[in-house]
Amino acid sequence: MSLREFLGEVRIVDPKDVKIVCDERRNSLKIFIRDEIYYNVLPKKPFPFTRPYFIIFTTRRGEEICVLKDYRGLDKDSIKNLEYMLSKMYYIPLIKDIEKISYSSGTYRWSVLTDRGRREFETRGRRSIVKLSDGRIIVFDIDENVYEIRPWLLDRKSIEYLDLVI
Amino acid sequence: MEDEGEPPDNYFTHLVEKDEKILFWFNSDLDEKGFFGRSYLIVTPKRVITYTPSTGYTRWYPLGGIREVRFLDHLGGGEIELVLKDRVVSLIRFSRSKVADFRKAARLLEELVFREVRLENKDIVVERGVSYDKKIDIVVRLFSLLKPYWRIGLVALISSLIAVALGLLPPYLMKILIDEALTKGNIDLLVQLSLYLIAIYLTSTLLGIIRGYSLTLLGEKIVYDLRKRLYRHVQQLSLGFFDRYGSGRLISRISDDTSRIKWFLTWGVQSLIVNTLQTVGIGVIVFSMNPSLAIFALIPAPIILVGIRYYKTRAWRYYHKVWRRWADVNAMLVDTIPGAMIVKSFTRERFETERFTRKLWEVVKATLRTVRLRLQVFPAMGLATSISAVLVWWFGGLRVISGEITLGLLTAFVSYMWQFYGPINILSTLVEPLQSALTSAERIFELLDSEPEIKDSKEAIDLEIKGHIVFRNVYFGYEPYVYVLRNINLEIKPGEVVGIVGPSGSGKTTLIKLLLRFYDPSQGKILIDGVDLRKIKLKSLRRQIGIVQQEPILFSGSIAENIAYGKEDAEPEEIIAAAKAAYAHDFIMKLPAAYDTQVGERGSRLSGGERQRIAIARAIITNPKILILDEATSSVDTITEKQIQAALNNLIRGRTTIVIAHRLSTVKNADKIVVISNGQVVEIGKHEELLERNGLYAKLWRAQFEEEKRALKEKLRVI
Ligand SMILES: Nc1ncnc2c1ncn2[C@@H]1O[C@H](COP(=O)(O)OP(=O)(O)O)[C@@H](O)[C@H]1O
Ligand SMILES: [Mg+2]
């Protein structure tokens, strides 16, 4: 089979045709695609860091329903409902301020302010920090928590601390 | 991560009714909206409650209404979901830091709801390491490590102290030399003082050598002792400890933490004492010589202190950055040079070259920054010291001219001043490493204090095993009440071949770990030839059980050493015989160095099938009474499997054998097949009986059969 045939298996839908509401009774989503309705749907991000707006919708059992290449084209309510679900499944607080980073025997200890509140965590090893090509930085702590940094939003002191680790 | 002060016992009482007992609770680090904070999951015999103190948010669900407890792994977090009669609700959210706790919470909740286990709160205490109340305790215990070598330590200390005292003398002698000998033309005194000075410098040098050697000797001996003790201790700990501790952490305790302690006990302490004494000594001398001049001498002190601090904080940063940039460059080399074929075949040479050039430039930038830093700090510090020296000459000179002080005193003064800043510099860098050494010590003592959970009881015996195995009502969980095995009843007669099958994660390997007594059952017992496992000496038990695992671990060394691992005194012909029985002899002989071939780290220079056969030979050579094959053939291709299968058949003959298999065809001919699902024995019987019964085994058999057929078809289509 050529790549084209496989591409046929990826059902890409136009955000204009899609409506999303919360499926309250199932702790999941309900989606309407033109005249189809799907219950108990979960959004998955195949590229959670590099293309965070790219979504694959699946059933609970993991069967794929369709693909949205950029969910920002949805209507406002749909975006809100989708993002509510996504914020649980992809919990990536954005670091807004680095208060301190200290180092001791191979471990960096961070004190930061995120959009989800204050947090302290530790990172270890060079692989815990990934620079994306658009300048954003993804940080994985020792417990596998994930944080995002947009250096252009940070003040000078934070940048100086960041410089310690990247 | 954050400080977890535990709430007092009555913290939740307002949430529950008067006689409603709290069975257990867990705290999350997220609130219900996903902000960092604190919320709780509380379980009583009737209900499960979630509670966020800061917002007062409270929800509860009766246990009776729960149909299913789902644990959801998310990116960067997790969630427990409850399936109720008519809906699914999100119970609580948490970050990854709390995943282990809440996975346990979900399991406990399940046990409670579906198996109605009676839980006691005391069984669910979250484990905490031993902690020392006082740093003093650690320090005292650290110094006790010096005890066996106190003589060497004393030599080092005394030689250092004498060296400090001697170091303070020359400027003073200088003063006499100038004032008494030179100005008064006293040649005898000049000669005498010169000889003294030579003697002092000679002694100092000698003492320096003695001190250096004795400290190194001391350090090496202590760390040798400590590592030996740690390693021996760790080897004796039970497998459960390794699970909890993690091998990475254990390795770093034995290698890194001990090094830090060595540094502390030798150079650290010594340097602290010597430099403090030296600073104080010079300070006292300088001030008693002439207080007003001493003030001038102290002018550069703040500048130097600030400068050193400034430099130290940044230097580490900048040098570390150079190191990281170098590591990037090296990582790229390690990827792309051996991967040259891939780079070329995708014609990415230019891309890689550009990437490499960019990384190289980063190294240059980072290096230049360290140079700039050095140029910022040191010249300034040097200048400050020189200027203050000039000031001392200047104002001291005025007093010499006016006859207030002598020229000798001024000279001595200046040379004391130059001596002053060395020790200050050293002292200012000592604090952090001293602290981290104490932390290391704490971790090491914690490790040394942990006791093996599984050890020989007093009445344990040596048993000549015949191979009759009985599991009687065995329950087991890696954590209390989270059972991985439930009510296992099983009898295996001597010489029988028993197959164990079941989905992955069903508890097959755990069963084996219990048989080897890596863990003790939570309830019930295991008997070998009628003797409780706990009454058999561990060494006697494990020596008579041979095990071949799915991914056998070989140690670095030669093939021969690996085969002989279980039998230290193996004769060469025994090694060859074992290899032949394992169908390994032929491939070994094809290697240029044959049995002396080094297998590489963890056997990395051999293929999977080759490693497997060596592991089989290793099991054969010990001549075990009971043989266990845990998915020994599932990671190799079918041709190799046939050979390995043949090797195994050699091995099985005349021994009690337990074969855990993924491919059911492997156990088809067993005397007895035990089907395990979800920690329970669901079926026992021969292949045909089980097929007839049409239960789980029959289902698995059909599924595998279908799959193999399909795989075959695919293969044909490709051809
Ligand atoms: N060291 C351990 N600590 C905690 N849980 C474990 C440990 N080893 C295995 N388990 C759990 O016990 C269950 C049974 O595992 P195992 O006996 O290895 O299954 P099998 O061999 O049948 O695939 C699994 O759910 C597994 O996650
Ligand atoms: Mg297993």
Side-chain angles (χ1 to χ4, degrees), chain A residues 23-28 40 42 44-45 48-49 52 60 84-93 101-122 124-127 129 131 138-148 160-166, chain B residues 1-3 29-37 54 70 72-79 81-84 86-91 93-100 248 252 256-257 259-260 313-314 316-318 320-321 323-325 327-328 331 362 366 369 432-433 435-437 439-440 443:
Chain A
D23 192 343
E24 302 277 359
R25 311 186 74 75
R26 297 184 183 86
N27 193 26
S28 55
N40 212 0
L42 294 175
K44 300 270 168 69
K45 293 186 184 183
F49 307 127
R60 259 233 198 237
Y84 168 74
M85 210 57 210
L86 288 174
S87 73
K88 285 210 278 199
M89 299 176 61
Y90 298 90
Y91 190 71
I92 311 177
I101 298 180
S102 55
Y103 175 88
S104 129
S105 50
T107 305
Y108 292 99
R109 202 179 162 76
W110 302 54
S111 306
V112 300
L113 188 68
T114 72
D115 59 345
R116 297 312 182 98
R118 190 174 302 280
R119 178 75 164 175
E120 291 188 1
F121 61 89
E122 290 177 0
R124 208 176 289 149
R126 284 170 1 98
R127 272 170 206 78
I129 291 161
K131 271 195 256 181
I138 305 291
V139 181
F140 300 86
D141 77 6
I142 51 171
D143 295 319
E144 292 175 36
N145 291 302
V146 188
Y147 307 86
E148 184 184 321
E160 255 175 44
Y161 276 123
L162 190 61
D163 213 37
L164 275 176
V165 291
I166 60 170
Chain B
M1 300 243 44
E2 275 129 67
D3 173 41
D29 50 358
L30 298 184
D31 65 16
E32 76 281 357
K33 294 217 180 67
F35 285 89
F36 291 120
S54 58
R70 287 187 192 147
L72 308 179
D73 272 308
H74 297 323
L75 180 77
E79 185 180 3
E81 205 178 56
L82 294 182
V83 182
L84 306 175
D86 54 345
R87 65 209 160 104
V88 180
V89 295
S90 168
L91 181 65
R93 295 174 58 181
F94 35 86
S95 83
R96 299 302 301 177
S97 311
K98 293 284 180 184
V99 160
S252 103
D256 302 346
D257 283 332
S259 299
R260 246 171 254 134
T313 47
R314 280 165 189 71
W316 181 83
R317 227 188 253 195
Y318 294 176
H320 205 255
K321 187 153 193 157
W323 175 79
R324 288 199 301 271
R325 294 293 91 95
D328 284 344
E362 293 285 329
R369 224 166 124 191
E432 281 206 345
Q435 263 169 357
S436 78
T439 319
S440 290
R443 290 195 291 228

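Quick note on labels: first sequence line is chain A, next is B, and so on, each numbered from 1. Just so it is clear, the values below take in all heavy atoms, side chains as well, and ignore hydrogens, waters and symmetry mates.
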Report task. Could you tell me which residues satisfy salt bridge (charged side-chain N to carboxylate O under 4.0 Å, His left out) with R25(A), sequence neighbours excluded, listed by chain and number? Result -> D86(B)
Query - For the student: nearest non-hydrogen atoms of F36(B) and P93(A), plus distance - result: CZ-CG, 3.7 Å
Requested in this report: Starting at CG of D29(B), measure out to CZ of F121(A) and round the result to the nearest 0.5 Å.
Outcome: 13.0 Å
**Report entry** Contact class of Y147(A) relative to chain B, heavy atoms under 4.5 angstrom
**Finding:** side chain
Query - Rounded distance [0.5 Å steps], OH in Y91(A) versus CZ in F94(B) - result: 12.5 Å
Query raised in the report: If you tally heavy-atom pairs under 4.5 Å against chain A, which of K33(B), R87(B), R96(B) wins?
Result: R96(B)
**Report entry** Distance, nearest 0.5 Å, that separates CG of L72(B) from CZ of R60(A)
**Finding:** 6.5 Å
Requested in this report: Output the option from V99(B), L75(B), D73(B) having the highest count of non-hydrogen pairs under 4.5 Å with chain A.
Outcome: L75(B)
Report task. Please determine, among V83(B), V88(B), D31(B), the option with the most heavy-atom pairs under 4.5 Å with chain A. Result -> V88(B)
Requested in this report: Measure the shortest side-chain to side-chain distance between V89(B) and N27(A) over non-hydrogen atoms and say whether it is less than 4.5 angstrom.
Outcome: no
Query raised in the report: D115(A): what forms a salt bridge (charged side-chain N to carboxylate O under 4.0 Å, His left out) with it, not counting sequence neighbours?
Result: none
Requested in this report: Could you look at D256(B) and say if it's the side chain, the backbone, both or neither that has a heavy atom under 4.5 Å from chain A?
Outcome: neither
Query raised in the report: Pick from R26(A), E160(A), E144(A), K88(A): which one has the most heavy-atom pairs with chain B under 4.5 Å?
Result: K88(A)
Report summary line: When the 4.5 angstrom heavy-atom criterion is applied to L164(A) and chain B, the contacting part is both
Query raised in the report: With a 4.5 angstrom heavy-atom cut-off, which part of L30(B) approaches chain A: side chain, backbone, both or neither?
Result: side chain
Query - Nearest non-hydrogen partners of S95(B) and R119(A), listed with the distance - result: OG-NH2, 3.1 Å
**Report entry** Heavy-atom pair count under 4.5 Å with chain B, highest-scoring of T114(A), I166(A), I92(A)
**Finding:** I166(A)
Requested in this report: Test side-chain contact (heavy atoms from CB on, under 4.5 Å) on S97(B) and N145(A) and set out the steps.
Outcome: CA-CA 7 Å; S97(B) 311; N145(A) 291 302; 2.7 Å; yes
Requested in this report: Name the member of R325(B), H320(B), E79(B) that forms the most heavy-atom pairs with chain A at distances under 4.5 Å.
Outcome: E79(B)
**Report entry** Contact origin within A100(B) toward chain A - heavy atom pairs under 4.5 Å
**Finding:** neither
Query - Region of R324(B) that comes under 4.5 Å of a non-hydrogen atom in chain A - result: both
Query raised in the report: Can you tell me how far the CZ atom of R314(B) sits from the CG atom of D163(A), to the nearest 0.5 Å?
Result: 11.5 Å
